[in-house]
Amino acid sequence: MDNRVSIAQTRIGRGPEVLRACGLGSCIAVGLFDPRNRIGGLGHMLLPSHPEDSPFGKAGKYVDIGISGMVEELVQAGASRTGLVAKIAGGANMFETTYQTLINSIGARNAKSARETLAKLAIPLAGEEVGGNRGRTVEFDLATGKMLVYCARDEDPILI
Amino acid sequence: MPFRELSHIQLDALKEISNIGMGHAATALSQMIGQTVRLRVPQVTVTEISQVPEHLGGAEQLMVGITMQVLGDARGSIMLLFPQESAHRLLCSLLGHQDRGHTLSEVDISALKEVGNILASAYLNALGNLLKKVLIPSVPLLANDMAGAVVDNVLIELSRSGDLAMMVETDFSGGQNREKTIRGHFFLLPDPATLDIFVNLVGGLHG
């Protein structure tokens, strides 16, 4: 059973399916869930927002259009547009350096873009596990909307 | 130049310059650890960015990764990845201490970054001399975590200009006996925008 959501991918499904995004560093995983209809999706995004001038590439690369695309897909599949809640994880800064560069702040910018996009779409953020300097693997349960976050050096996952 | 349009000759040429660069880097490493370092034949892979973690042995595999940007006349990234056990064996050879499990001390981190710096400098120097270009590595960054998390910064950089990544990979190993082998993977990921520089110059060399 392949339930993996790879980099630059968004994927939707129904409970009891569990979607999984592995090895997130600065990337961010955004989970959307409609509790009433037990339908949801997970995206594994790289960049905060799509550039206005250059060609798109995959929409799932970008936090902003990745989220809005996933919302549309969910509504088409029968989700309630106003019933969606969101959870986010990832957005770390894997490299501790003494100087701040554009590269090592990308995680924080991904998290910021996710919060802003969700606010714009009026989707409440029900939980987050972001930032820090650790890698994460996320499991999103589409029956319950629970998100489990595994870190490399911790035995137990964090539940959000 | 899009990655997919590279011809066989161009791919071979990239392998060859990488082999020469890695030869210099291996000599440097061999002197540091006082052991023979063996090189595999380089591989050039063009793949979807999303597939890169799979090429590295899976997104959740624990790795010590040292990444550097290539600065100067051509741009790109260099990644040096060690499976965790290999990183600790390398530290034992370098610092002469006992294996202390999975955490890295300040000194360990500093030593590994220095290894990254020396290997990347040797590699880029050789490439630069060959191509008559100035290529310098940035300050090394180190992360000790899941492979996917260690490399996604590099992938984020690449994803700005496309959905594909080109990796020039050389595997190397050092150490005499099998239980103590140090294995590492050295990657050059040229930026699509400056790939032409490598390819044109290499093309020039070949005729």
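The figures here come from the full heavy-atom set of this structure, side chains too, leaving out hydrogens, waters and symmetry mates. All values derive from a computational prediction rather than experimental measurement. Every chain is numbered from 1 and lettered A, B, ... according to where its sequence line falls, protein lines coming before strand lines.
Within the structure, no pair that satisfies the salt bridge (Lys or Arg N to Asp or Glu O under 4.0 Å) test touches residues 25-45 of chain A, not counting sequence neighbours.
Counting heavy-atom pairs closer than 4.5 Å to chain A, the top-ranked of the candidates B/Gly65, B/Ala147, B/Ala59 is B/Ala59. In terms of heavy-atom pairs under 4.5 angstrom with chain B, the leader among A/Leu24, A/Asn110, A/Thr137 is A/Thr137. When the candidates B/Gly148, B/Gly58, B/Gly162, B/Ser159 are compared by the number of heavy-atom contacts under 4.5 Å with chain A, B/Ser159 comes out ahead.
The interface of residues 40-49 of chain A with chain B, defined by heavy-atom distances below 4.5 Å, comprises A/Leu46, A/Leu47.
Residues B/Ile156 and A/Ser26 come closest through the heavy atom pair CD1-CB, 3.7 Å. Smallest separation of non-hydrogen atoms from B/Pro53 and A/Ile7: CG-CD1, 3.8 Å. Counting all heavy atoms, side chain and backbone alike, B/Asn144 lies closest to A/Arg153 at O-NH1, 2.9 Å. Among all heavy-atom pairs drawn from B/Asp163 and A/Lys61, the shortest one is OD1-NZ, 2.9 Å. In terms of heavy-atom proximity, A/Phe95 sits nearest to B/Leu141 at CD2-CB, 3.3 Å.
Separating the CD atom in B/Glu54 from the CZ atom in A/Arg4 is a distance of 4.5 Å, to the nearest 0.5 Å.
Between A/Arg136 and B/Glu60, none of the side-chain N atoms (NZ, or NE/NH1/NH2) sits under 4.0 Å from a carboxylate O, so this pair counts as no salt bridge.
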Report task. Verify side-chain contact (heavy atoms from CB on, under 4.5 Å) between A/Met94 and B/Met146, making sure each step is shown before the conclusion. Result -> CA-CA 10 Å; A/Met94 299 303 297; B/Met146 302 178 196; over 6 Å; no
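A heavy-atom distance below 4.5 Å is not found between the side chains of B/Arg160 and A/Pro51.
Heavy atoms of other residues, nucleotides or ligands lying less than 6.0 angstrom from NZ of B/Lys15 number more than 12.
Not counting sequence neighbours, the partners of B/Ile118 by the side chain to side chain contact (heavy atoms under 4.5 Å, CB included) test are B/Ala28, B/Met32, B/Glu114. For B/Phe186, the ring pair (Phe, Tyr, Trp, His ring centres under 6.0 Å) criterion is met by B/Tyr123, not counting sequence neighbours.
Contact of B/Leu62 with chain A is made through the side chain alone, with heavy-atom distances under 4.5 Å.
A donor-acceptor contact shorter than 3.5 Å links the side chain of B/Asp152 to the backbone of A/Cys27.
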